[in-house]
2 protein chains.
Amino acid sequence: MGENNKYSIGEFSEKTGVSIRTLHYYDEIGLLQPEKNPTSGHRIYKHHDILTLQKIVSLKFLGYSLEKITNLLHQSMITVDLNETLTLQLEVLKKEKERIEQSMIIIQRVIKVLEEEGEVDSAILFSLIHSMQTESIQNEWLERHNLTVVVEELSKKTEKEKITLDQTFIQMAKEVKKLYGKPIQNQEVQEMIKAFIEASFEFLGDDLVQQLADAEVEELDIQELENIAPFPFTEDEQEWLNQAMEYYMKEAGME
Amino acid sequence: MGENNKYSIGEFSEKTGVSIRTLHYYDEIGLLQPEKNPTSGHRIYKHHDILTLQKIVSLKFLGYSLEKITNLLHQSMITVDLNETLTLQLEVLKKEKERIEQSMIIIQRVIKVLEEEGEVDSAILFSLIHSMQTESIQNEWLERHNLTVVVEELSKKTEKEKITLDQTFIQMAKEVKKLYGKPIQNQEVQEMIKAFIEASFEFLGDDLVQQLADAEVEELDIQELENIAPFPFTEDEQEWLNQAMEYYMKEAGME
DNA sequence: CTTGAACCTCCAGTTACGTGAGGCGTTATA
DNA sequence: TATAACGCCTCACGTAACTGGAGGTTCAAG
């Protein structure tokens, strides 16, 4: 037992809930250096070390690195300039929080999709996730090309509608992978494309699809969009799909 | 320029937004290993590497470690068992989110206090922060000692009321540090204690304070509470304050 | 053929500790 | 007082997901 007000590292660790190794580490980096018994080398913690550790733990909780804490510790008065740092820290936390919230939403959507579909080709699933994840970047792209209306329309959709879209996307991707290899004029192939295009119309509405079609977008920009959210297809599948769609367009008399 | 569908590491990095050094790293740990020109050793990325990277980035976003991703990557079909992992991941994110939200609230309270006070002794400020931070542990302690009523009452307080309490606490701590050394019978000292006790009454209400006073709590448990949320005083200050309070109690005819 | 950019590998450093080895110091008990 | 059991010491390596630099090779353009 240590005397009153004197704690061995074990006792101090117990008292404060900070591990012995962490205390060793804080000593090592000069953050919290207690007295030492000069002969045995054993550390002796005292009351004021508790206060110092309290500061350290608090600042860590607020998100500071140990290095910054080392600097802050030597100021005995905390002035308004801390305010700035705190505001900054608040911003960082806000960003972090948003990221987490978005992740949660995406996970929930993925769970829903998995529940309904049971088993999904991983390329398809990850294409979907990646697409959700880059939603904001895709929106930027749309806005850069004067398609803000589309962004607005999309943001109005409910979670349910989005899940429906997810499923439509998965269905199409599945079918592409199944039908790939068949001639593009094949009836099944053409029906799949028809179904998909009709689903898109239904989701976005006629005029929005029209706007999308009318938008003047250069090949290079299309390329950029595809880099942001690539389809889950191999090059051959992609090529085949493109041709099948072109054929459909021609047949349907669309531009 | 690379040929179509073949990308040098620089091009691939540009295209995907993942740094060259990270791609090197992913190669090194066997996560994404592109072809290599056997003579020059230069990496050659192709279309399917984009899909793989997409998976990696997505899973990272969902919170998976690179090691887990390495394992998941080899499954081409994602079945319902991923569901479990996702649910787990969701839990983790939820916890993380709560922690962040609590940090944000605390930072906001600290900012408010700093704005009003301008300059605060660091020991006082960090004692306050530490106390906020361990609020839930303090509540546990209270509940263990049949003081659930107090917990409930505290949780009803608005943010504003809490900030007022913060300020009262700071005021008292400041005065303790200022008056320390004067005889405990000194009028100023006794008035400070009176003011503090009255503020506590006002905040908690008469009956709650009574309940707190009546509660049978052993010395050891008090010690435990003090370890959870220590006061910002040196031992001498603490001792002096205790004596001054005892004197006040006696004078006021309280038990 | 030269030059500069792009690429290569290898090594080291980052944060905040966890873990374990091998060896003293302290204390309770026989 | 001997000894066991435990607490403490230092040293040193491992972690995750990279980033940065040194020193050397390859590529593409002029």
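What you see is a predicted model, and the numbers here were worked out from it, not measured in a lab. Proteins get letters first, then strands, A, B, ... in listed order; numbering begins at 1 in each.
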Filter on side chain to side chain donor-acceptor pair (under 3.5 Å), then keep only pairs touching residues 62-73 of chain B, sequence neighbours left out; what's left? none
Would one find a side-chain N or O of B:Lys68 under 4.0 angstrom from OP1 or OP2 of D:dA16? no
Distance test, side-chain N/O of B:Lys60 to OP1/OP2 of D:dA16, below 4.0 Å: no
Just how far, in rounded Å, is C1' of D:dA16 from CG of B:Leu66? 8 Å
Give a yes/no on whether any side-chain N or O of B:Ser40 is located under 4.0 angstrom from OP1 or OP2 of D:dC27. yes
Return the residues of residues 16-29 of chain B meeting this criterion: a heavy atom under 4.0 Å from some atom of DNA chain D. Order them by number, or give none. B:Ser19, B:Arg21, B:Thr22, B:Tyr25, B:Tyr26
Starting from P on D:dA28, measure out to NZ on B:Lys6 and report it in whole angstrom. 12 Å
Write down the distance between CD (A:Glu11) and P (D:dG7), rounded to a whole number of angstrom. 11 Å
Mind checking whether B:Tyr180 and B:Trp240 have parallel, tilted or perpendicular rings, split at 30° and 60°? perpendicular
Does D:dT10 have its OP1 or OP2 closer than 4.0 Å to a side-chain nitrogen or oxygen of A:Lys36? yes
Backbone N or O of A:Val151 within a donor-acceptor pair of the A:Glu143 side chain at under 3.5 Å? no
Are the side chains of B:Met132 and B:Asp166 in touch, meaning some heavy atoms are under 4.5 Å apart? yes
Figure out the CD/C1' separation between A:Glu67 and C:dA16, and round it to whole Å. 13 Å
Can A:Lys174 and A:Glu117 be counted as an ion pair, charged N to O under 4.0 angstrom? yes
Could you check whether any side-chain heavy atom of A:Glu239 comes within less than 4.5 Å of a side-chain heavy atom of A:Glu235, counting everything from C-beta outward? no
NZ (B:Lys157) with more than 12 external heavy atoms under 6.0 Å: yes
Would you mind telling me which of A:Asp27, A:Thr22, A:Leu53, A:Leu73 makes a side chain to side chain contact (heavy atoms under 4.5 Å, CB included) with A:Leu32? A:Leu53
Sub-4.0 Å heavy-atom contacts from residues 42-52 of chain A onto DNA chain D, ordered by number: A:His42, A:Arg43
